[in-house]
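Only one structure is covered here, and it is reproduced in the block below.
Residue numbering restarts at 1 for every chain, and letters A, B, ... go by the order of the sequence lines. Computed from heavy atoms alone, side chains included, the values below leave out hydrogens, waters and symmetry copies.
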Amino acid sequence: MSAHPTEELVQQWESEQARLRQQVVEEDTEYWQKSPDFSGLERVGGVDLSFIKGDDINACAQLVVLSYPDLEVLYEDSQMVTLTAPYIAGFLAFRETPFLLEALQRLERNRPELLPQVVFVDGNGLFHYREFGLACHLGVLSGLPCVGVAKNLLQVQGVYKSEEHQSQIAALQKGGDSFLLTAASGKVLGKALRSSDKSSKPVYVSVGHKISVDTAVRLTHSCCRYRVPEPIRQADCRSREYLRIHFPTADT
DNA sequence: GCGACAG
DNA sequence: ATCTTGTCGC
């Protein structure tokens, strides 16, 4: 109907983000978040989507639940899905959230005792153009505490890959070291975290829902065996493996 | 025209 | 997201 369907869709999405943004809780709400060693935390979740090469609508939606602090896989769900929304920077949630929510609902229906107490999301939370990235979106719609972890820096709200930024990265000496990502407005959008001693490239952690930045960073560090926190890494590995097995490459 | 652009 | 193996270093 419209001469500019994409523009209208984006406007609709923007207002939806503004509406849901008001429901984000940026503070710690769970008892285990106050504990120095997160005692009381037993299950951490991770979600991700993997795609077949050359196909951007068929994907494997993955949910994993790991034990804490051992980080052993307690639950795994792989589900082929057909995406409808296009990928537009700043609107990743409209593409992925429906399928991640479905996975959480399947878990709640079939194994409610395994519901995670916090979910790691592959992407940003408040560190976003309108302070409402995928981790916030999934958090608000699911009601679960969520942490956003991005592998690449989103240049937004005055945060740039400047020389200053590069030198701050160089100053991260050991796993757990971090520095603030502050918007031009002064608002803290997240933190760059050296997630392990071995990885010099940081990950970008931000609040999704029902957790503070500092708790999110501390928890992320405590879930890292490698650069990417284990829940997200397991979700990524297992969804890729699912695609390898069910959609083998068709060459000799 | 050029650079940016979470996944 | 995906295209992609070996290789340099601890």
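A:Tyr87 has its OH atom 14 Å from the C1' atom of C:dT2, to the nearest Å. Atom CD1 of A:Ile52 and atom P of C:dT2 are 11 Å apart (whole Å). Here B:dA6 presents its P atom at 18 Å from CD of A:Glu131, a figure rounded to the nearest Å. Per the geometry, CG belonging to A:Leu138 stands 14 Å off C1' belonging to B:dA6, to the nearest Å. We find that CG of A:Leu100 is positioned 14 Å from P of B:dG7, with the value rounded to whole Å. Spacing between atom CZ of A:Phe127 and atom P of B:dC5 amounts to 10 Å, rounded to whole angstrom units. In this structure, A:Phe247 atom CZ and C:dT2 atom P are separated by 14 Å, rounded to whole Å. Between the CG atom of A:Leu193 and the C1' atom of B:dA6 there is a distance of 17 Å, given to the nearest Å.
A close approach under 4.0 Å does not occur between any side-chain nitrogen or oxygen of A:Asn152 and OP1 or OP2 of B:dC5.
Mapping A:Phe51 and A:Lys198 onto DNA chain C via the closest heavy atom, the residue that lands nearer the 5' end is A:Phe51.
Closest approach to the A:Asn124 side chain among B:dA6, B:dC5, C:dA1 is made by B:dA6 (side chain taken as heavy atoms from C-beta onward). When the nucleotides C:dT2, B:dG7, B:dA4 are ranked by their closest atom to the side chain of A:Arg95, B:dG7 comes out on top. Looking at the side chain of A:Leu92, the nearest of the listed nucleotides C:dT2, B:dC5, B:dG7 is B:dG7. Distance from the side chain of A:Lys53 is smallest for C:dC3 among the nucleotides B:dC5, B:dG7, C:dC3.
Taking the six-membered ring where the residue is Trp, A:Trp13 and A:Phe91 present tilted rings, their angle falling between 30° and 60°. Note: A:Tyr204 and A:Phe127 have tilted aromatic rings, judged against thresholds of 30 and 60 degrees for the angle between ring planes. Ring geometry for A:Phe132 versus A:His137: interplanar angle of 30 to 60°, hence tilted.
Evaluation of A:Tyr204 against the base of B:dA6 yields no stacking contact (centre distance < 5.5 Å, interplanar angle < 30° required).
Comparing the C1' positions of C:dT2 and B:dC5 gives a spacing of 15 Å, expressed to the nearest Å. Comparing the C1' positions of C:dT5 and B:dC2 gives a spacing of 33 Å, expressed to the nearest Å.
The residue A:Asp48 sits close only to the backbone: its heavy atoms come under 4.0 Å of sugar-phosphate atoms, none of a base. Looking at heavy-atom distances under 4.0 Å, A:Tyr129 makes contact with sugar-phosphate atoms alone, never a base. Across all strands, A:Gly90 comes closer than 4.0 Å to base atoms (heavy-atom distances).
With no hydrogens or angles considered, a side-chain donor-acceptor pair links A:Arg130 and A:Gln17 at under 3.5 Å. A donor-acceptor contact under 3.5 angstrom links the side chains of A:Tyr68 and A:Ser222, judged on distance only.
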